[in-house]
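Worksheet for the structure shown next.
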Amino acid sequence: MDLRFLNAEPTDAERHAVDALGAGSRDQLLPALHAVNDRVGWISQGALNHICRRLNVPPAEAYGVASFYALFSLKERPPRVVHVCTDLACRVNGAEALTEAFDAAGIAWHRSPCLGVCERAPAALAVEAGDPAEQRLLAPAMPSEITREPSTWEEAPVSVPQQGEPGLRLLRRVGVVEPRSLDAYRAAGGYAALRNALLLGPAGVIREVTDSGLMGRGGAAFPTGRKWDAAARQPERTRYLVCNADESEPGTFKDRVLIEGDPFALVEAMTIAAFAIGARKGYVYLRGEYPRALKMLRNAIDLARERGFLGENILGRRGFSFDIEIRRGAGAYICGEETAIFNSIEGYRGEPRSKPPFPVEKGLFGKPTVVNNVETLVNIPLILTEGCEAYRRIGTERSTGPKLFCLSGNVRRPGVYEVPFGTTLGELLELAGGVPEGRELRAVLLGGAAGGFVRPDETTLPLTMEDARAAGTTLGSGVVLALDDQADLGGFLLRIAAFFRDESCGQCVPCRIGTVRQEEALHRIVGGRKLGTGGDDLALLREVGQVMRDSSICGLGQTAWNAIESAVDRLGALEERS
């Protein structure tokens, strides 16, 4: 694209959408792109010009950002757009039949990676541009519902099969307490943890979190207390807190369930974290495909601010000020990586940064930053109300506390389940009812597309960080996706390869090229075709996978070969075809 402004002017609707945001700087680029895309359904050259003039961003750079995200369109399209999930859970639950039905009904649709409603697959995200825009996650999706007016679209309900059971901690309010009512949240124990935190002081809060043994629940399993302490010790006084709510790992939907069903818990937890590390500003980076979660979280933040739980001098504590801003993602798996989130919020392409420096030293806007995901944060009020010793008694010595798992695929009762660390995989599958009657379990994918497979004879595996690691797999973000004996494993692996190819940001050569070569080799193996004389596609897969693992900048490239490797080595999935 030409670095100069092209000869195009915005329409009145586009101009109004951008101007309604007020004056701003480059970090408002993503909200401005959302505003135009929501209002008219796509981003024209005139709209992009107007955004660039308002925010003082070079047009070529703004184009690079707008074209980075899957939910934005730089070409004119109809006001109503349907994004149909064809990813892992939906693939094994009729996504292809759904797309054929859409074609037969004459409904325009686009393929989409995981939409985060795996428990009710197949899923679709229906978007109607306008003022205001209408968005709904439809699951299970049906062509007849898409053709109805947006105001009649039914939202997918929160799926917690254990709803209301005694003994739940993280899920105890979900489906039981009205998520839009601050009074209901407080009556159910809400904000007791924040009051305890104010009594303990910042150092005391960090000590409690450290002594609890809480590890990050996003997949990396880094000790949360150590991260907070490192940020709090930085000499720089300006610090930020970022909640990573961009759960884009196929098969993961626990953070959506928490936000939709208990949004005040996240707001309270972020306020405690900010108090501990000395942050005055926090961001929730929320998946752009979560319209109901966005609505619930906005309501919770607004009510908390009105009642003195956010803003200046929180709960009368002089000098303790903190507020939260929501940033909507726009369809980029890579933005689940903590440094890619920083670039996205700052108005750049969501590409990962090299480390060091680490985020606790130099993160968002170059300042010390703590990044935690939703599940990690909602453990904080539990620790500060029950105490670190009681928390440590849940789970195992090295994997403490409760854990949320997302069960989907070929199970009878999919949904989010809460169990103590140490529960076996078989026990968890029993909670979900096992595979449908008349079928047999073939494999279980743990950790999502970046995870690994286990066999049916390995379901005695205790679900802890250390046991998963010893078994050569990972719990990742909590995905447990069951495949029965009717699943097309070859097609399933091809979808994983296509996912990583599509979602690679392209910044580093090993991932940019390796994900393409991986998919090409898989296509040849699954299709029964060979390389030229002397070629060995399985050997090529291993070589490419090892190069990506050793030399990619971030976790996307480093884990792109994991699930396919485990399918080969644990399941013998491709050997007979190679």
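Each residue takes its place number in the sequence, starting with 1. Here the structure is a predicted model, which means the values were calculated and not measured.
Aromatic ring centres of F275 and F322: separated by at least 6.0 Å. Ring pair F499/Y333: centre-to-centre distance below 6.0 Å.
E397 has no carboxylate O lying under 4.0 Å from a charged side-chain N of R392, or vice versa, which leaves the two without a salt bridge. A salt bridge links E119 with R256: the distance from a Lys NZ or Arg NE/NH1/NH2 to an Asp or Glu carboxylate oxygen falls below 4.0 Å. The pair D246-R327 does not meet the salt-bridge criterion, since no charged nitrogen lies less than 4.0 angstrom from a carboxylate oxygen. Comment: R305 engages D302 in a salt bridge, judged by a side-chain N to carboxylate O separation of less than 4.0 angstrom. The pair D323-R280 does not meet the salt-bridge criterion, since no charged nitrogen lies less than 4.0 angstrom from a carboxylate oxygen. A salt bridge is absent between R136 and E128; no separation between the charged side-chain nitrogens and carboxylate oxygens falls under 4.0 Å.
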Stepwise side-chain contact (heavy atoms from CB on, under 4.5 Å) test for S477 and R217 = CA-CA 6 Å; S477 56; R217 302 298 201 243; over 6 Å; no
task = Given salt bridge (Lys or Arg N to Asp or Glu O under 4.0 Å), test R169 with E418 step by step and report yes or no.
result = CA-CA 8 Å; R169 289 174 168 84; E418 178 184 327; 5.5 Å; no
inquiry  = salt bridge (Lys or Arg N to Asp or Glu O under 4.0 Å) for E375 and K403? Distances and angles first, verdict last.
reply    = CA-CA 9 Å; E375 185 189 354; K403 179 73 184 83; 3.1 Å; yes
request  = Just do the side-chain contact (heavy atoms from CB on, under 4.5 Å) check on L21 and D19 with the steps written out, would you?
outcome  = CA-CA 5 Å; L21 296 175; D19 293 349; over 6 Å; no
ask   = Under the side-chain contact (heavy atoms from CB on, under 4.5 Å) criterion, do E178 and Y185 qualify, and how do the steps go?
value = CA-CA 8 Å; E178 171 54 57; Y185 176 70; over 6 Å; no
request  = Tell me, with the steps shown, if T464 and T396 meet side chain to side chain donor-acceptor pair (under 3.5 Å).
outcome  = CA-CA 8 Å; T464 68; T396 66; 5.3 Å; no
message = Apply side-chain contact (heavy atoms from CB on, under 4.5 Å) to residues V360 and I277 and explain how you reach the verdict.
response = CA-CA 10 Å; V360 294; I277 68 171; over 6 Å; no
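Pairing each heavy atom of Y69 with each of A332, the nearest pair is CD2-CB, 3.8 Å. In terms of heavy-atom proximity, I272 sits nearest to A197 at CG2-CB, 4.1 Å. The nearest pair of heavy atoms linking A124 to V82 is CB-CG1, 4.0 Å. Taking each heavy atom of L475 and F421 in turn, the nearest pair found is CD1-CE2, 3.9 Å. The two residues A482 and V411 make their nearest non-hydrogen contact at CB-CG1, 3.6 Å. Scanning all heavy atoms of the two residues, the minimum distance from P359 to T339 falls at CG-CG2, 4.3 Å.
With hydrogens and angles ignored, the 3.5 Å screen pairs a side-chain donor or acceptor of N313 with a backbone N or O of G319. Between the side chain of K227 and the backbone N or O of V371 there is at least one donor-acceptor pair closer than 3.5 Å. Looking at N93, its side chain never comes within 3.5 Å of a backbone N or O of A121 through a donor-acceptor pair. Formation of a donor-acceptor pair under 3.5 Å by the E249 side chain with backbone atoms of A449 is found in this model. E325 places no side-chain N or O within donor-acceptor distance of the main-chain N or O of Y283, the cut-off being under 3.5 Å. Judged by distance alone, with hydrogens and angles left aside, the side-chain atoms of N37 form a donor-acceptor pair with the main-chain N or O of L71 at under 3.5 Å.
Taking 4.5 Å as the limit, some side-chain heavy atom of V374 sits within range of a side-chain heavy atom of C243. Residues R39 and E14 have side chains not in contact (no heavy-atom distance under 4.5 Å, counting atoms from C-beta outward). S344 has its side chain within reach of Y285: a pair of non-hydrogen atoms, C-beta onward, lies under 4.5 Å apart. With a 4.5 Å cut-off on side-chain heavy atoms, L241 and T369 do not count as touching. Between V480 and Y417 there is no side-chain heavy-atom pair separated by less than 4.5 Å. Using a 4.5 Å cut-off on side-chain heavy atoms (C-beta onward), F320 and L315 make no contact. Using a 4.5 Å heavy-atom threshold, the side chains of W228 and I380 count as touching. Residues V444 and L483 have side chains not in contact (no heavy-atom distance under 4.5 Å, counting atoms from C-beta outward).
Atom CD of E346 and atom CD1 of I341 lie 12.0 Å apart (nearest 0.5 Å). Rounding to the nearest 0.5 angstrom, the gap separating the CD atom in E337 from the CG atom in N244 is 9.5 Å. Note that NZ of K254 is 10.0 Å distant from CD1 of I259, once rounded to the nearest 0.5 Å. A distance of 6.0 Å separates CE in M215 from OG1 in T400, rounded to the nearest 0.5 Å. Taken from CD1 in I345 to CD in Q28, the straight-line distance is 11.0 Å, to the nearest 0.5 Å. Taking OG1 from T459 and CG from L429, the interatomic distance works out to 7.0 Å, rounded to the nearest 0.5 Å.
The one candidate from E260, E247, K295 that meets the side chain to side chain donor-acceptor pair (under 3.5 Å) condition with Y290 is E247. Exactly one residue among P140, S408, C85, C114 makes a side chain to side chain contact (heavy atoms under 4.5 Å, CB included) with C90. That residue is C85.
Ring planes of F72 and H34: perpendicular class, angle over 60° (limits at 30 and 60°).
Defined by atom type and a distance below 3.5 Å, a donor-acceptor pair is present between the side-chain atoms of N379 and Y391. If you check the side chains of T210 and E208, you find no donor sitting under 3.5 Å from an acceptor. Using a 3.5 Å distance cut-off with no hydrogens or angles, the side chains of T376 and T224 do not pair a donor with an acceptor. Defined by atom type and a distance below 3.5 Å, a donor-acceptor pair is missing between the side-chain atoms of Y191 and T271.
Dense packing is recorded around CZ of R148, with more than 12 heavy atoms of other residues, nucleotides or ligands lying under 6.0 Å away. Dense packing is recorded around CZ of R77, with more than 12 heavy atoms of other residues, nucleotides or ligands lying under 6.0 Å away.
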